Participant: 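My questions all concern the structure below.
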Amino acid sequence: MIETIYIARHGFRLNWINTNWTSPTGLPRDPPLAAYGEVASDPFAGIINSCMILRTQAQELAAHFLALPEEKRPTIILSSPYYRCLQTSKPASQVLEVPIYVEHGLSEWYSPVAPGTGLHPRPSSAAVIDPSWSSIWYPSRRGEDVEGLHERANGLLDLLVTEIERRFGDKHKNILLVSHAATVIVLCRGLLAQPDLPLRVGCCSISEFSRKSGDSGVLGAWEGKVLVSGSHLKEGASRDWGLEDIQIANGKVISDTGVPGTDEEEDNCGPQIHRSSL
């Protein structure tokens, strides 16, 4: 049974400081991380790299988890398919020697597309990371309002915890989810069953949830030990964001534009496996 869930936001995005960047995946909304930090002799350099390294937020995140007692370290990482989340996950995967599974249910949040502008992009499943896991939830390429975002997070959590325990038994007691600011917020709210909990999430911040004693459920079955903390980062958490930053017009989230020419493309969305409680 899963005992601890860690949730981290991705690191600092390159497009926040440099407008001249190229997406490694070819998607216009999939920027890589910035080389954020300073060159330093790192105590974990022998594991992460063979010499002097650029100490990034992602490496600080990895160092934090490696410093935990072994029984508290995550033994599985589930990441959004976006490149910045995979980059954030990789150092922790390397130092902990644990797999990264790509889960589309942890993807970036896009507001509803304006009619006739196409669908939102969807990254590939990045099967090269670990093809043994198939995503159990896909967000709609037509976007989501805030209520839909909450529904996605709650549905994903309900299926994800159950599926990991069904598939792996007691192998994974501690898991790490790597996602995006809006998605992190609603995941935290779902675990605590506090749908209006105010949170602002900085880059590479960590939240930690412990399962309540004797509770085998998912939603509301956790205690928040740490919420969106950046105390493990040398410079602290940066570029924080909260749902109160959403642009609203006439009581609704402002629509976004999709990718031109994609209106007729497939939009396989929602749960990919089923559970009677959904």
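On a predicted model such as this, the values are computed, not experimentally measured, just so you know.
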Participant: When you compare the side chain of Glu147 with that of Glu151, does any pair of heavy atoms fall below 4.5 Å?
Facilitator: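 Touching, per the 4.5 Å side-chain cut-off.
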
Participant: With rounding to the nearest 0.5 Å, note down the distance linking CG in Leu119 to OG1 in Thr257.
Facilitator: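 It is 12.0 Å, given to the nearest 0.5 Å.
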
Participant: Between NE2 of His104 and SG of Cys269, what distance do you get to the nearest 0.5 Å?
Facilitator: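 It is 13.0 Å, given to the nearest 0.5 Å.
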
Participant: With a 4.5 Å heavy-atom cut-off, do Ser80 and Thr183 have their side chains touching?
Facilitator: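 No. Closest side-chain heavy atoms not under 4.5 Å.
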
Participant: Please report the shortest heavy-atom distance between Ser93 and Ile77, naming the atom on each side.
Facilitator: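 Of all heavy-atom pairs spanning Ser93 and Ile77, the closest is N-CD1, 3.6 Å.
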
Participant: Under the side-chain hydrogen bond (donor to acceptor under 3.5 Å, both in side chains) rule, collect the residues that match up with Trp133, sequence neighbours excluded.
Facilitator: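 Only Glu103 meet the side-chain hydrogen bond (donor to acceptor under 3.5 Å, both in side chains) criterion with Trp133.
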
Participant: Which atoms form the tightest heavy-atom contact between Gly220 and Ala193, and what is the distance?
Facilitator: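 Result for this residue pair: CA-CB, 3.5 Å.
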
Participant: Is the number of heavy atoms from other residues, nucleotides or ligands under 6.0 Å of Arg200 CZ greater than 12?
Facilitator: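 Enclosed: over 12 neighbouring heavy atoms sit under 6.0 Å from CZ of Arg200.
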
Participant: Give the C-alpha distance, both sets of side-chain angles, the deciding distance and a yes or no for side chain to side chain contact (heavy atoms under 4.5 Å, CB included) between Ile2 and Lys173.
Facilitator: CA-CA 4 Å; Ile2 296 173; Lys173 296 184 182 297; over 6 Å; no

Participant: Hey, is the main chain of Cys204 close enough, under 3.5 Å, to the side chain of His232 for a donor-acceptor pair?
Facilitator: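 A pair under 3.5 Å: yes.
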
Participant: State plainly whether one hydrophobic cluster holds both Leu192 and Leu160, where clusters connect Ile, Leu, Val, Met, Phe, Trp and Tyr through side-chain heavy atoms under 4.5 angstrom apart.
Facilitator: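 In one cluster: yes.
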
Participant: Tell me, do Val253 and Trp109 make a side-chain contact under 4.5 Å, heavy atoms counted?
Facilitator: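 The answer is yes; the side chains approach within 4.5 Å.
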
Participant: Is any side-chain heavy atom of Ser79 closer than 4.5 Å to one of Leu106?
Facilitator: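 Not in contact.
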
Participant: Quick one: pull up CD1 in Ile136 and OG in Ser134 and give me the separation to the nearest 0.5 Å.
Facilitator: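 The CD1 atom of Ile136 sits 10.5 Å away from the OG atom of Ser134.
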
Participant: Counting distance only, does the side-chain N/O of Gln59 pair as donor-acceptor with the main-chain N or O of Pro91 below 3.5 Å?
Facilitator: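 No; zero donor-acceptor contacts below 3.5 Å.
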
Participant: To the nearest 0.5 Å, what is the distance between CG on Leu157 and OG1 on Thr162?
Facilitator: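 If we round to the nearest 0.5 Å, Leu157:CG and Thr162:OG1 are 10.0 Å apart.
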
Participant: Are Tyr110 and Ile246 connected in the hydrophobic side-chain network, where two residues link if heavy atoms are under 4.5 Å apart?
Facilitator: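 As far as the 4.5 Å side-chain criterion goes, Ile246 and Tyr110 are not connected within one cluster.
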
Participant: Do the side chains of Glu108 and Arg84 get nearer than 4.5 Å, heavy atoms only?
Facilitator: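 Yes, side chains in contact.
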
Participant: Any sub-3.5 Å donor-acceptor pair from Thr262's side-chain atoms to Gly118's backbone N or O?
Facilitator: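 No.
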
Participant: Tell me whether the count of non-hydrogen atoms from other residues, nucleotides or ligands lying under 6.0 Å of CD in Glu71 goes above 12.
Facilitator: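 Buried by this count: over 12 neighbours within 6.0 Å.
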
Participant: State, to 0.1 Å, how close Ser238 and Arg9 come at their nearest heavy-atom pair, and which atoms those are.
Facilitator: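 Minimum heavy-atom separation between Ser238 and Arg9: O-NH1, 4.4 Å.
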
Participant: Specify the closest pair of heavy atoms between Gly202 and Ala237, including all atoms of both residues, with the distance to one decimal.
Facilitator: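 Closest pair (atom of Gly202, atom of Ala237, distance): CA-CB, 4.0 Å.
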
Participant: If I compare all heavy atoms of Trp222 with all of Thr4, which pair ends up nearest, and what's the gap?
Facilitator: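 In terms of heavy atoms, the two residues are closest at CZ3-N, 4.2 Å.
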
Participant: Checking side-chain hydrogen bond (donor to acceptor under 3.5 Å, both in side chains) for the pair Lys171/Thr75: CA distance, chi angles, key distance, verdict?
Facilitator: CA-CA 8 Å; Lys171 181 178 180 180; Thr75 56; over 6 Å; no

Participant: Please lay out, stage by stage, how Leu191 and Ile7 fare under the test side chain to side chain contact (heavy atoms under 4.5 Å, CB included).
Facilitator: CA-CA 11 Å; Leu191 290 173; Ile7 303 178; 3.9 Å; yes

Participant: Under the 3.5 angstrom rule, does the side chain of Asp245 hit a backbone N or O of Gly242 as a donor-acceptor pair?
Facilitator: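 Checked: pair present.
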
Participant: Rounded to the nearest 0.5 Å, what separation is found between the CG atom of Asp263 and the OG1 atom of Thr117?
Facilitator: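 If we round to the nearest 0.5 Å, Asp263:CG and Thr117:OG1 are 7.0 Å apart.
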
Participant: Do the side chains of Trp241 and Ile254 join up, straight or via other hydrophobic residues, at under 4.5 Å, putting them in one cluster?
Facilitator: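 Shared cluster, no.
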
Participant: Run Val161 and Ile5 through side chain to side chain contact (heavy atoms under 4.5 Å, CB included) and show every step you take.
Facilitator: CA-CA 9 Å; Val161 171; Ile5 296 178; 4.1 Å; yes

Participant: Report yes if some heavy atom in the side chain of Val184 is under 4.5 Å from a heavy atom in the side chain of Leu199; otherwise report no.
Facilitator: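 They are not in contact (no side-chain heavy atoms under 4.5 Å apart), so the answer is no.
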
Participant: Under a 4.5 Å cut-off applied to non-hydrogen side-chain atoms, are Leu96 and Pro74 in contact?
Facilitator: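 Side chain of Leu96 against side chain of Pro74, heavy atoms only: contact under 4.5 Å found.
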
Participant: Using the ring of each side chain (for Trp, its six-membered ring), is Phe168 parallel, tilted or perpendicular to Tyr101, with breaks at 30° and 60°?
Facilitator: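 Geometry flag for Tyr101 against Phe168: parallel rings.
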
Participant: Output yes when a side-chain donor or acceptor of His120 lies under 3.5 Å from a complementary backbone atom of Ser140, and no otherwise.
Facilitator: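 Answer holds: no.
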
Participant: Apply the test side-chain hydrogen bond (donor to acceptor under 3.5 Å, both in side chains) to residues Arg189 and His150: give CA-CA distance (whole Å), side-chain angles for both, the deciding distance (0.1 Å), then the verdict.
Facilitator: CA-CA 8 Å; Arg189 288 176 170 182; His150 280 86; 3.1 Å; yes

Participant: Would you compute the distance between atom CD1 of Ile100 and atom CG of Leu86 and round it to the nearest 0.5 angstrom?
Facilitator: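 One gets 6.5 Å once the value is rounded to the nearest 0.5 Å.
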
Participant: Yes or no on side chain to side chain contact (heavy atoms under 4.5 Å, CB included) for Tyr6 and Leu68, after CA distance, side-chain angles and deciding distance?
Facilitator: CA-CA 12 Å; Tyr6 299 102; Leu68 293 178; 3.6 Å; yes

Participant: For Cys203 versus Arg239, what's the shortest heavy-atom pair and its separation?
Facilitator: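 What the structure gives for the nearest pair is SG-CB, 3.9 Å.
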
Participant: For residues 203-213, which residue pairs pass the side chain to side chain donor-acceptor pair (under 3.5 Å) check, not counting sequence neighbours?
Facilitator: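 Checked against side chain to side chain donor-acceptor pair (under 3.5 Å) - neighbours excluded - the pairs reaching residues 203-213 are Glu165-Arg211.
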
Participant: Would you say Leu227 and Leu233 are hydrophobically clustered, going by side-chain heavy atoms of ILVMFWY under 4.5 Å?
Facilitator: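 Each belongs to a different hydrophobic cluster.
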
Participant: Quick check on the hydrophobic clustering: are Val226 and Phe65 connected, directly or via other members, by side-chain heavy-atom contacts under 4.5 Å?
Facilitator: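 Hydrophobic grouping puts Val226 apart from Phe65.
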
Participant: Can Arg73 and Glu70 be counted as an ion pair, charged N to O under 4.0 angstrom?
Facilitator: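 No salt bridge links Arg73 with Glu70.
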
Participant: Are the aromatic rings of Tyr82 and His180 close, with centres under 6.0 Å apart?
Facilitator: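 For Tyr82 and His180, the ring centres are under 6.0 Å apart.
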
Participant: Under 4.5 Å between any side-chain heavy atoms of Thr88 and Phe12, yes or no?
Facilitator: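 Of all side-chain heavy-atom pairs linking Phe12 with Thr88, none is under 4.5 Å.
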
Participant: Are Arg141 and Glu266 within salt-bridge range, i.e. N to O under 4.0 Å?
Facilitator: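 Salt bridge flag = no for Glu266 with Arg141.
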
Participant: Just grab all the salt bridge (charged side-chain N to carboxylate O under 4.0 Å, His left out) pairs involving residues 89-101, residues at least two apart or on different chains.
Facilitator: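 Found none.
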
Participant: So, Asp240 side chain and Val201 main chain: donor-acceptor pair closer than 3.5 Å or not?
Facilitator: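 Pair absent, no side-chain N/O of Asp240 close to backbone of Val201.
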
